[in-house]
Amino acid sequence: MDTQITLRVDGVVHPLTVDTRTTLLDALRERLRNTSPKKGCDHGQCGACTVLLDGRRVNSCLILAVTVGDAEVTTSDGLADDGDPHPLHRSFVEYDAFQCGYCTPGQICSAAGMIEEVRRGWPSAATGTVTDEPDLTDAEIRERMSGNLCRCAAYANIVPAVAAVAEAEGVRR
C-alpha cells in the first residue's frame, strides 16, 4: 500500500509517495538518489547504512520510512557545512581511516553520533560504571563504533581519527 510522506534529509524537505514497507535506506538511495548511506547487509549488522535521525545514530535499513515523521535525517554528506568537509571527514582523510571508502559514510555518521553520546554522558559497555562520566578512551571508541564494520580493516586508523576530532571538540579523553 502506498502512502504520502515527507522526509527532511540534510536540511531539504522531500515529499514522496512510498510503499509502507519501504525502509529509510531504500527511500534515501532509490527514491532520493542519496548514495551516502550504503546498503551492506540489509540486516542492521554492518553499519554501512548508518545515518543520524534527529542527531541519534540509526541503521537506516531497519527503519521504515513512514515512521520517520518530522525527524531530521542527516547523512554523512549532510554533515558538511556549506560544502566544507566536516571535521570527521577531514580527520578520516588525515589519518587514512578508510581504504575502499564503502563503509566510510556510515562510520562518520556513527562517530558524530557517538561523540554526542559521550558529550551527554551516556555510558557504554566499556564505561567503568553507569554512574561514571565517560571518558572517550580508545576502548570507548572501539566499543561505541563496534556496530560499524570495515571489510578493509581500517580500524587501527579509525580510532585515532575519531579521537582527534573528539579532543578538538573538547570531549573528555
Side-chain angles (χ1 to χ4, degrees), residues 1-80 85-86 88-89 91-93 95-118 122-126 139-159 161-162 165:
M1 183 165 108
D2 289 347
T3 190
Q4 294 281 102
I5 64 169
T6 301
L7 289 179
R8 287 188 307 145
V9 180
D10 298 336
V12 179
V13 175
H14 302 275
L16 293 172
T17 301
V18 297
D19 183 296
T20 56
R21 299 167 294 181
T22 303
T23 64
L24 177 57
L25 175 62
D26 287 338
L28 291 169
R29 290 187 59 81
E30 305 302 325
R31 301 300 307 282
L32 299 179
R33 301 293 183 224
N34 186 321
T35 57
S36 180
K38 303 297 190 269
K39 187 174 276 220
C41 66
D42 224 12
H43 294 287
Q45 297 173 344
C46 73
C49 67
T50 303
V51 298
L52 300 174
L53 191 59
D54 280 343
R56 295 188 65 184
R57 53 194 174 144
V58 297
N59 291 325
S60 61
C61 72
L62 297 180
I63 307 251
L64 293 175
V66 297
T67 67
V68 172
D70 291 331
E72 176 68 29
V73 177
T74 306
T75 68
S76 178
D77 292 345
L79 290 173
H86 186 275
L88 282 164
H89 294 136
S91 191
F92 266 60
V93 171
Y95 285 86
D96 197 26
F98 63 95
Q99 289 181 25
C100 79
Y102 192 82
C103 70
T104 305
Q107 297 273 2
I108 288 174
C109 280
S110 190
M114 176 210 56
I115 289 169
E116 186 57 32
E117 290 167 9
V118 172
W122 297 354
S124 78
E140 278 282 346
I141 293 171
R142 282 191 292 275
E143 170 62 28
R144 291 173 187 266
M145 294 293 291
S146 66
N148 291 81
L149 304 179
C150 174
R151 292 181 179 159
C152 300
Y155 301 115
N157 298 342
I158 290 170
V159 172
V162 173
V165 172

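Because the structure is a prediction, the values reported are computed rather than measured.
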Val58 and Leu52: CA distance, side-chain angles, deciding distance, side chain to side chain contact (heavy atoms under 4.5 Å, CB included) verdict: CA-CA 6 Å; Val58 297; Leu52 300 174; over 6 Å; no
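Under a 3.5 Å cut-off, the side chain of Arg29 and the backbone N or O of Pro37 do form a donor-acceptor pair. Of the possible polar contacts, one joining the Asn34 side chain to the Ser36 backbone as a donor-acceptor pair under 3.5 Å is found. In terms of modelled atom types and a separation under 3.5 Å, the side chain of Asn157 and the main chain of Asp96 share a donor-acceptor contact. Looking at Ser60, its side chain does come within 3.5 Å of a backbone N or O of Cys49 through a donor-acceptor pair. Distance alone, capped at 3.5 Å, places no donor-acceptor pair between the Ser91 side chain and the Leu88 backbone.
Inter-residue side-chain proximity for Leu16 and Leu32 is flagged as met; some heavy-atom pair is nearer than 4.5 Å. Two residues are said to be in side-chain contact when any heavy atoms from C-beta on lie closer than 4.5 Å; Ile158 and Phe92 meet this criterion. Arg144 is not listed as a side-chain neighbour of Val162, based on a closest heavy-atom distance of 4.5 Å or more. Side-chain contact between Val18 and Asp26 is absent, with no heavy-atom pair separated by less than 4.5 Å.
From Arg151, atom CZ reaches atom SG of Cys46 across 7.0 Å, with rounding to the nearest 0.5 Å. Atoms CD1 and CD1, on Ile115 and Ile141 in that order, are 7.5 Å from each other to the nearest 0.5 Å. Atoms CE and CD, on Met114 and Gln107 in that order, are 10.5 Å from each other to the nearest 0.5 Å. One finds the OG1 atom of Thr50 at 12.0 Å from the NZ atom of Lys38 (value rounded to the nearest 0.5 Å). With values rounded to the nearest 0.5 angstrom, Asn59 atom CG is found 9.5 Å from Gln45 atom CD. Here the CZ-OH distance, from Arg142 to Tyr155, works out to 12.5 Å after rounding to the nearest 0.5 Å.
The pair Glu117-Arg57 meets the salt-bridge criterion, with a side-chain N (NZ, NE, NH1 or NH2) lying under 4.0 Å from an Asp/Glu carboxylate O.
Side-chain contact, Ser76 with His86: no donor N or O sits under 3.5 Å from an acceptor N or O.
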For a quick test of your reading: what N or O donor-acceptor pairs under 3.5 Å do the side chains of residues 66-74 make, sequence neighbours left out?
| from | atom 1 | to | atom 2 | distance (Å) |
| --- | --- | --- | --- | --- |
| Thr67 | OG1 | Leu64 | O | 2.6 |
| Glu72 | OE2 | Asp10 | N | 3.2 |
| Glu72 | OE2 | Gly11 | N | 2.7 |

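In plain terms, the two heavy atoms of Tyr102 and Gly40 that are nearest each other are OH-N, 4.2 Å. The nearest pair of heavy atoms linking Ser110 to Asn148 is OG-OD1, 2.9 Å. Minimum interatomic distance between Leu62 and Gly44 (heavy atoms only, all atoms of both residues): CD1-CA, 3.7 Å. Contact detail for Ala126 and Ala139: the closest heavy-atom pair is CB-O, 4.0 Å. Across every non-hydrogen atom of Leu7 and Ala65, the tightest pair is CD2-O, 4.1 Å. When every heavy atom of His14 is checked against every heavy atom of Val12, the shortest pair comes out as CD2-O, 3.2 Å.
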